[in-house]
Enquirer: 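Below is a structure I'd like to ask you about.
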There are 2 protein chains.
Amino acid sequence: MNEVFQALSDPTRREILRLLRQRDMSAGEIAESFPLANSTLSGHFKTLKHSGLIVSERSGTTIVYSLNVSAFEGMLAAVMELFAMDEEPKESKK
Amino acid sequence: MNEVFQALSDPTRREILRLLRQRDMSAGEIAESFPLANSTLSGHFKTLKHSGLIVSERSGTTIVYSLNVSAFEGMLAAVMELFAMDEEPKESKK
DNA sequence: TCGTTATTTCGCCAATTACCGAAATAATAC
DNA sequence: GTATTATTTCGGTAATTGGCGAAATAACGA
């Protein structure tokens, strides 16, 4: 789960996830939305893949990425654990 | 919101949040749970404060930290936005 | 096989980050 | 004011991170 939090710490990677929310996309399609080198984005894809947040599938010469929604459940659980939303609320100041 | 994601990317800071979930604690009390220099933990408190995830209150010579639960709502919304939990689910592969 | 397309890997760099020990600061008591 | 306690700030270090361009790899068609 540390990898997920790590993966989400970068704004570019979060934006990639937002794009993939709309539809599956190839590396090249995603790259069109960023003023970054393709090699940089490959690095980001790698991080997202290893965290489990996205999955990839090769189709000829292109690689298509998609969200792994089941990873979201783990993420939600982890966030809730941090803030005890599933437990008795604790007195705390704003 | 980027600051929140950044703050949560570090395991020590996540552990600090878990501790504060149980009860408000002073810097010194929190420090007892970590094999780290106090100065290091002060740096972590600073990051968490600036992200809005915790708040601090001085009480004499001690500083007591507590969770800022309202920040969690923003975090939840941000996570949901990433995964479109509030929208039509999209076909995607596991 | 060669040429092309799509993408990743590699090596490098500058900036950032988590850690440390020492110094500084904040609060209090005498 | 001095001494003590609690905590933060500061300066330094090693490791990590996000970026780049070039090289390598994967897939395909002729």
Side-chain angles (χ1 to χ4, degrees), chain A residues 1-20 23-68 78 82 92-93, chain B residues 1-20 23-68 78 82 92-93:
Chain A
M1 186 49 60
N2 182 53
E3 285 193 324
V4 172
F5 281 105
Q6 288 271 357
L8 293 178
S9 66
D10 180 72
T12 298
R13 289 199 286 274
R14 293 201 295 277
E15 188 59 37
I16 289 172
L17 293 174
R18 281 191 207 100
L19 289 181
L20 291 179
R23 62 182 175 91
D24 297 357
M25 294 170 87
S26 68
E29 287 177 303
I30 296 173
E32 287 168 16
S33 297
F34 298 91
L36 297 172
N38 287 353
S39 54
T40 300
L41 287 164
S42 281
H44 286 309
F45 300 148
K46 184 172 181 176
T47 299
L48 287 168
K49 259 175 70 179
H50 286 170
S51 74
L53 290 170
I54 65 173
V55 292
S56 65
E57 182 173 27
R58 184 173 273 278
S59 177
T61 63
T62 78
I63 297 184
V64 177
Y65 291 99
S66 46
L67 285 187
N68 177 10
L82 287 179
S92 63
K93 304 200 191 269
Chain B
M1 188 46 63
N2 182 53
E3 285 193 323
V4 172
F5 281 106
Q6 289 271 0
L8 292 178
S9 66
D10 180 75
T12 297
R13 289 199 286 274
R14 293 202 294 279
E15 188 58 38
I16 290 172
L17 293 174
R18 282 191 206 97
L19 288 181
L20 292 178
R23 62 183 174 92
D24 297 358
M25 294 169 87
S26 68
E29 287 176 302
I30 296 174
E32 287 168 16
S33 297
F34 297 92
L36 298 171
N38 287 353
S39 52
T40 299
L41 288 164
S42 281
H44 286 309
F45 300 149
K46 184 172 179 176
T47 300
L48 286 169
K49 259 175 67 180
H50 286 172
S51 74
L53 290 170
I54 65 173
V55 293
S56 65
E57 181 173 28
R58 184 175 274 278
S59 177
T61 63
T62 77
I63 297 184
V64 177
Y65 291 98
S66 45
L67 286 187
N68 176 11
L82 288 179
S92 65
K93 307 204 190 257

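Please read all numbers here as calculations on a predicted model, not as lab measurements.
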Enquirer: State whether A:H44 places a side-chain N or O below 4.0 Å from either non-bridging phosphate oxygen (OP1 or OP2) of D:dG19.
Expert: yes
Enquirer: Provide, to the nearest angstrom, the distance between the CG atom belonging to B:L48 and the P atom belonging to D:dT8.
Expert: 12 Å
Enquirer: If you only use heavy atoms from C-beta on, which nucleotide in C:dA22, C:dT9, C:dT7 is closest to the side chain of A:Y65?
Expert: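 Of the options given, the side chain of A:Y65 lies nearest C:dT7.
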Enquirer: In whole Å, what is the span from the CG atom of A:L41 to the C1' atom of D:dT17?
Expert: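 Interatomic distance, CG of A:L41 to C1' of D:dT17: 15 Å.
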Enquirer: Which one, C:dT8, D:dG19, D:dG18, comes nearest to the side chain of A:R13?
Expert: D:dG18
Enquirer: I want to verify a distance call: between D:dT17, C:dT7, D:dG19, whose nearest atom is closest to the A:T12 side chain?
Expert: D:dG19
Enquirer: Which of the following nucleotides, C:dT8, D:dT7, D:dG19, is nearest to the side chain of A:T40?
Expert: D:dG19
Enquirer: Hey, does A:T62 reach any base, or is it just sugar-phosphate, or nothing, if we go heavy atoms under 4.0 Å?
Expert: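 Since only primed, P, OP1 and OP2 atoms lie under 4.0 Å of A:T62, the category is sugar-phosphate.
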Enquirer: Just compare C:dT8, C:dT28, C:dA6 and give me whichever is closest to any side-chain atom of A:T61.
Expert: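 Nearest to the side-chain atoms of A:T61, counting from C-beta on, is C:dA6.
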Enquirer: How many whole angstroms separate atom CG of B:L36 from atom C1' of D:dT8?
Expert: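 To the nearest whole Å, that distance equals 16 Å.
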Enquirer: What is the separation between atom CG on A:N38 and atom P on D:dA23, rounded to the nearest whole Å?
Expert: 16 Å
Enquirer: Taking only N and O in the side chain of B:R58, is any of them less than 4.0 Å away from OP1 or OP2 of C:dA27?
Expert: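 Checking B:R58 against C:dA27: at least one side-chain N or O falls below 4.0 Å of OP1 or OP2.
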Enquirer: As a test of reading the structure: which of D:dG18, D:dG21, C:dT7 is closest to the side chain of A:D10, going by heavy atoms?
Expert: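 It is D:dG18.
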Enquirer: What is the separation between atom CD1 on B:I63 and atom P on C:dA27, rounded to the nearest whole Å?
Expert: 9 Å
Enquirer: Using the side-chain heavy atoms of B:A37, tell me which of these nucleotides is nearest: D:dG21, D:dT8, C:dG21.
Expert: C:dG21
Enquirer: Just how far, in rounded Å, is C1' of D:dT17 from NZ of A:K46?
Expert: 13 Å
